[in-house]
> 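Please find one structure pasted underneath; my questions will follow.
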Amino acid sequence: MTEELHDVRLTVNGSAYEIRVPARRLLSDALRHDLGLTGTHVGCEHGVCGACTILVDGSPTRSCLMFAVSAVDHEITTVEGLANPDGSLGAVQQAFVECHGLQCGFCTPGFLTTITAGLRENPTPTHEEARDMIAGNLCRCTGYQNIVKAVERAAEIGAGG
Amino acid sequence: MTTKLMGQKVQRVEDQRFLRGLGRYVDDVNVENDATMLHAAVLRSPHAHARILAIDVDAVLDIEGVHAVWTHEDLTGPMAEPLPLLIPHPALTHGRTQYALAKDEVNYVGEAIAFVVADDRYIAEDAVGLIRVDYELLPPVVGVDAARAATSLVHEDVPGNVGARLEQNVGDAPAAIAAAPHTLVLDLTIERSACMPMEGRGTVARWEPDLNRLQMWTSTQSSTGVRAAVAVKLGLDLGQVDVITPDVGGGFGVKINHPWPEELLVPMAARALGKTVKFTEDRREHFISSAHERGQVQHIEVGFDDDGRLLGLDVEFWHDHGAYTPYGLIVPIITSTQLLGPYKPQNYRVVFESLYTNTVMVTPYRGAGRPQGCYAMERTMDAIAKYLGKDRADVRAVNFIQPDEFPYDQGLIFQDGRELEYDSGDYPASLVKIKELVGWDEFPAFQAEMAAQGRRVGIGLACYVEGTGVGPYEGAHVHIETSGKVKVATGLTTQGQGHATVFAQLVADELGCSFEDVEVVTGDTRRMPYAVGTFASRAAVMSGSAIHLAAKRAKEKALTIAADALEADPSDLQIVDGVVSVKGSPGTSIDLGTVSVLSNPLRYAFDEASKAATQFSVGDPGKPPVPEDEEPGLEGRDFYSPERATFASGMHAVIVETDPETAEIRILKYAVVHDCGHLINPMIVEGQIHGGVAQGVGGALYERMAYDESGQLLNASFMDFLMPYVTEIPDGIDIDHLETPSPLNPLGIKGAGEAGVIPSAAVFAAAIEDAEGIDITAMPISPSELYSLRQSQGQEHSA
Amino acid sequence: MKPAPFDYRRPGTLAEAVAALAGEPNAKVLAGGQSLVPLLSMRLAAPAMLVDINGLPGLDTISVEEGGVRVGALARHAAVLASPDVRRVQPLVSLALANVAHATIRNRGTTVGSLVHADAAAEMPVVLSLLGGSVDVEGPAGRRTIPADELFVGPLESSVHHDEIAVSAFFPALADGAGVAFEEIARRHGDYALVGAAALVDGDEVSVGYLSVSDVPTVVDLSGVPIDEMGEAALERLEPAEDIHATAAYRAQLVRVLTTRVVRSAYDHAEGRA
Ligand SMILES: Cc1cc2nc3c(=O)[nH]c(=O)nc-3n(C[C@H](O)[C@H](O)[C@H](O)COP(=O)(O)OP(=O)(O)OC[C@H]3O[C@@H](n4cnc5c(N)ncnc54)[C@H](O)[C@@H]3O)c2cc1C
Ligand code: FES
Ligand code: FES
């Protein structure tokens, strides 16, 4: 039996892509392997770790829990789309460098997308809110201490600090 | 003078790549278009113990998109033999390793049985689902108690399920205990957990027929190890195999074991099919087929005097090593030796049995046996203090090795086959610091104040010593290019420790070049074929020292050549910001790039720099263009091979609150004092500690491997294996450093990678015991278990 | 962990969606996918067809109606949680939703999907049961309303037929003078609860709903029981089970503790509203 293929048009980081994939292709796999945007990582494929988190119409979403065929009609942002238009690091990325918010870097894309959206919604989080903002993402390396600092630092940078 | 970078909080160079999503992890490797690459999946045993009667793969080959399937029957030559036993030991009388694909029998749920290669992973998984295997079920052996009872055997030819028994003695512990004024007996258990890096294992291999070579990328902690194993198993010359370690999404030990079956099957398939093949382990596979660690049962007898001074310590423990022993006895040997920590036991006997069970095998996980040893020793210290009614810190203090006693020989043989001799340390000073940092002396008042409000708080303290930087060696190659850029290669691998940054700091300091000009490559056998691997907190010590030495050699050569060019004496030269100049006359100078040009006389010119280096413009026409005893190129290569390990140390303290009703355990304060000698980059060291502490919290309060009696792992997902989120980790970890340099290496450094996780089981057990007044003898502990303990102590439930 | 193959339909109308379901006995509805996709990826479920309802118009509404608030099948947990109308009309929905998974899951997961999924460890089924709400479903025979007490029939089993689509859920409003509270204890923040409890008090009437205690969300009437004895009274009606995270005795203890806590705070809530 040959599997039916679907023509799927995805809009990712402002660019349109046309791919032909079976219905079961996970969005995470489509981004990584069909579009070559390997910045989005896969750590569990059951929605818990958050490494695959992307922005769908600006909202953090697990790309391992969506099918590529269902992702039409949405604006997708991945970690590759978080730098400033001039190529310099965005505020959250910059804060991660300054605060040593990453070690192996595998979980990092999911944190960056989540925090980017979180700070858009709440640009001046309290310390508790900063912790809460990353409460759905797993990191095995950093013990989170410096990621929380990076959230707070990114808020400062965003405020022109 | 450029400021020294050693000791500075230098920001990491690797971050730029990672933060833009441009890291290259093994599943990102796209040597061909992903669409033409083939993808593998593995059929794994659903049973913990069974004989394989028949395997039927016929249905598989009918699936469109399936290219090949292998079972043991299809393997030939060395591939059909068991996997290597990497670290043999005379005491490991019954070592067993698995086959790349199971032959006749499976011994744990997850053991590889068949290997399918297809157009994509989806189809490969479809195919795996269609393979039919007939099993004859055998009785499973799960847990230390079942292994010891030995009513069933994991391997028919291993009596009593005992893989190894090892005893070491210093003095006569049983006699000393018998004669001691006070004695205590403790029975302790500690359960399994696992490294659980966010990235699982993965391998990509490509056979290049035109070159007759194999190129592979694998998420490993030892690329040279994988290379040698692949060459042996596939019958290739070492020179035909290149192993490249791409970015690695965490290791924590599980990727030091090698070769994993897939690390052989992928290149085998790539060669057979003439296509690039990729295997990316998924999370469920990681739970059931990658290694676990920590499970032990311990029996301790101790004799001591009125001050709590140890007179004799007799430890017996049973180590659950799972179904196979590819990594030898490293974990239990470390437990048995590092158990002693900063203390002098006077008389010590330790004996362990390493036992087979029908569960995933055990290989090192960050700390590698030390957490269990620390737990045994520190629980003993607490028990002594309680028995004597003394302050727990004071009992520890009377047993410390004193600063003037180094080097201190514990009289045991360590994991590297060498004497367990501590090089340096200052434990009394650490104790002063940790007590101050956590507020030890003020705590009783706080505890009383809380008790008055009906709240339960407790404090715990645990000390450890960690042998780091074990041999045999690491090497480094430093090449200054004609552009002035410095390319550094060392063979061990990187999993997030920031090697590209710390090693560049060392090179910039030694060479006098700018930090930005240094580029470090790790774990690529094409660039440095001699290496061991990243484990045992050894990277900074081993490769750091090797890089320092190699940079020194490159510098010496640069100074010799520059001295010639500048007509000066080498000892009058300095290198600052990549420019060699005569001290005191900065005008007389030559940059390192030009020195590199001069180091390599050329026949052909390609650009301005090489034009300046042709044999017509360089050198004395009366001498050979390359002086005798010299080599062309501005390079330095050196190796570091220390006599023995260097011993880092530290102390952790924690304050917890337990809920009188729900038995929930909350961390109020976590404090760390850490001594890893000179710090190369304090920011990175603190990051390592944070990560270790978080894994420690997980191991002490949340994570376990929940096997049922039939050997099924009931919590093989992130839903049920409770790795902590930020919400479970203390908000703030207080860290203080002590820097007692190691005399064993040129930089005075010690390892730092594992320290954060070593004392956690011990320190949490102590704090919970203090809060509850109930002996804590089994870790990890959940609220449900704490509640059960309360009930068994007759504490009424309150609500 | 990749799903087995399936046919995929993304209908543009409810009628087409119902027809698609009717045409394939082994079809499943795909809403937010936050429960279904993990099951597919682990191959614990392998439906022949997925009917993706995310393209259906008009199902993402949250509207205040006579006597309560109605939540459409495509209203995401996050939208329901953020809705001031919901918080005003029936605050228990908001209180409970804050405990559903993590924010990122709530961005995609639907409240109605969580009801149809009928997980006894989930928050919303117990809330619907306690409040006496209902779910409206559309099938080949038209539309029907399933009251909460007929909805949850077994572990992960609801009475929504395979060829029906739940189009909305109705949560009755909180009566004047009544109060509600929700509390749960989970191993990790954001996990499914070890035990959770929701309370509704109105004068002398007290009822408490429990999650993760039985196979189905269970509501116990505790009217007339002295507050300190409510936990024990509830336990007479519940059979807490053991799993890898908690013993039955520990679950029972959490029932005792949480019962008292939620009933107290529900009364506080009622007082605060008065
Ligand atoms: C990491 C993680 C943590 C979570 N934690 C929690 C938690 O703590 N508490 C909790 O309650 N939930 C939790 N969830 C589940 C989450 O709330 C889901 O969103 C919810 O259970 C299902 O909603 P959905 O829209 O995603 O449904 P789907 O996954 O799309 O569907 C679930 C099931 O319901 C059926 N279905 C869905 N909608 C309809 C409909 N309109 N008509 C007919 N059938 C339908 C589907 O066919 C399927 O069988 C968690 C999920 C994840 C991934
Ligand atoms: S990979 Fe999607 S949440 Fe882990
Ligand atoms: S940095 Fe390695 S998992 Fe977060």
Side-chain angles (χ1 to χ4, degrees), chain A residues 1-6 8 21-30 33 42-74 110-111 113-115 117-118 121-122 128-129 131-138, chain C residues 1-12 27-57 60 74 76-79 82 98-110 113 186 188-192:
Chain A
M1 186 200 86
T2 344
E3 219 176 322
E4 187 188 348
L5 297 180
H6 299 256
V8 176
V21 293
R24 59 170 159 165
R25 179 82 93 240
L26 297 169
L27 180 56
S28 45
D29 283 339
H33 300 308
V42 167
C44 71
E45 289 180 302
H46 49 269
V48 184
C49 77
C52 69
T53 307
I54 57 168
L55 303 183
V56 174
D57 301 327
S59 296
T61 305
R62 302 288 202 237
S63 63
C64 74
L65 297 187
M66 264 181 94
F67 294 110
V69 279
S70 309
V72 294
D73 308 334
H74 294 296
F111 278 93
T113 48
T114 305
I115 297 165
E121 200 170 298
N122 177 7
E128 262 322 302
E129 288 165 346
R131 280 171 68 84
D132 199 49
M133 205 176 276
I134 59 163
N137 289 60
L138 288 172
Chain C
M1 302 218 316
K2 310 289 182 191
F6 51 78
D7 285 340
Y8 176 76
R9 300 284 180 276
R10 192 182 168 88
K28 264 208 171 295
V29 171
L30 173 66
Q34 304 300 288
S35 294
L36 184 55
V37 179
L39 293 175
L40 298 177
S41 285
M42 295 181 193
R43 300 200 180 205
L44 295 172
M49 178 190 287
L50 285 192
V51 178
D52 183 347
I53 61 170
N54 287 280
L56 299 184
D60 60 352
L74 289 176
R76 313 288 164 179
H77 291 311
N99 288 277
V100 173
H102 297 110
T104 303
I105 305 298
R106 295 195 296 262
N107 284 339
R108 185 88 192 146
T110 64
R188 292 175 300 188
H189 177 86
D191 280 345
Y192 282 101

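Every value quoted in this text rests on a predicted model; they were computed, and no experiment measured them. So you know, we letter chains A, B, ... as the sequences are listed, proteins then strands, and number each from 1.
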> Who among Thr114(A), Val72(A), Val42(A), Leu26(A) has the most heavy-atom pairs with chain C under 4.5 Å?
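Of Thr114(A), Val72(A), Val42(A), Leu26(A), Leu26(A) has the most heavy-atom pairs under 4.5 Å with chain C.
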
> If you round to the nearest 0.5 Å, how far is OG of Ser59(A) from CZ of Arg108(C)?
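It comes to 10.0 Å.
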
> Under 3.5 Å, side-chain donor or acceptor atoms of residues 36-53 of chain C against the rest of the protein: list the pairs with distances, not counting sequence neighbours.
residue	atom	partner	partner atom	Å
Ser41(C)	OG	Val37(C)	O	3.4
Arg43(C)	NE	Lys2(C)	O	2.7
Arg43(C)	NH1	Asp126(B)	OD1	2.8
Arg43(C)	NH2	Tyr122(B)	O	3.3
Arg43(C)	NH2	Asp126(B)	OD1	2.8
Arg43(C)	NH2	Lys2(C)	O	3.1
Arg43(C)	NH2	Pro3(C)	O	3.3
Asp52(C)	OD1	Asn54(C)	N	2.8
Asp52(C)	OD1	Asn54(C)	ND2	2.7
Asp52(C)	OD2	Ser70(A)	OG	2.9
Asp52(C)	OD2	Tyr8(C)	OH	2.5
Asp52(C)	OD2	Arg10(C)	NH1	2.9

> Measuring heavy-atom distances to chain A, does Arg188(C) have an atom under 4.5 Å in its side chain, in its backbone, in both, or in neither?
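Side chain of Arg188(C) only, per the 4.5 Å heavy-atom cut-off to chain A.
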
> Measure from the side-chain N and O atoms of Arg106(C) to the backbone N and O of Arg76(C), and report whether any donor-acceptor pair falls under 3.5 Å.
no

> What part of Val48(A) gets within 4.5 angstrom of chain C, counting heavy atoms only: side chain, backbone, both, or neither?
side chain

> If you count heavy-atom pairs under 4.5 Å with chain C, which of Asp73(A), Asp29(A), Leu65(A) comes out on top?
Leu65(A)

> Verify side-chain contact (heavy atoms from CB on, under 4.5 Å) between Thr110(C) and Asp60(C), making sure each step is shown before the conclusion.
CA-CA 9 Å; Thr110(C) 64; Asp60(C) 60 352; over 6 Å; no

> Looking at chain C, which one of Arg24(A), His6(A), Arg25(A) has the largest number of heavy-atom pairs inside 4.5 Å, strictly under?
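So the answer, after comparing Arg24(A), His6(A), Arg25(A), is Arg24(A).
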
> Judged by atom type as modelled, is there a donor-acceptor pair below 3.5 Å linking the side chain of Arg62(A) to the main-chain atoms of Gly47(A)?
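Yes: the side chain of Arg62(A) pairs with the backbone of Gly47(A).
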
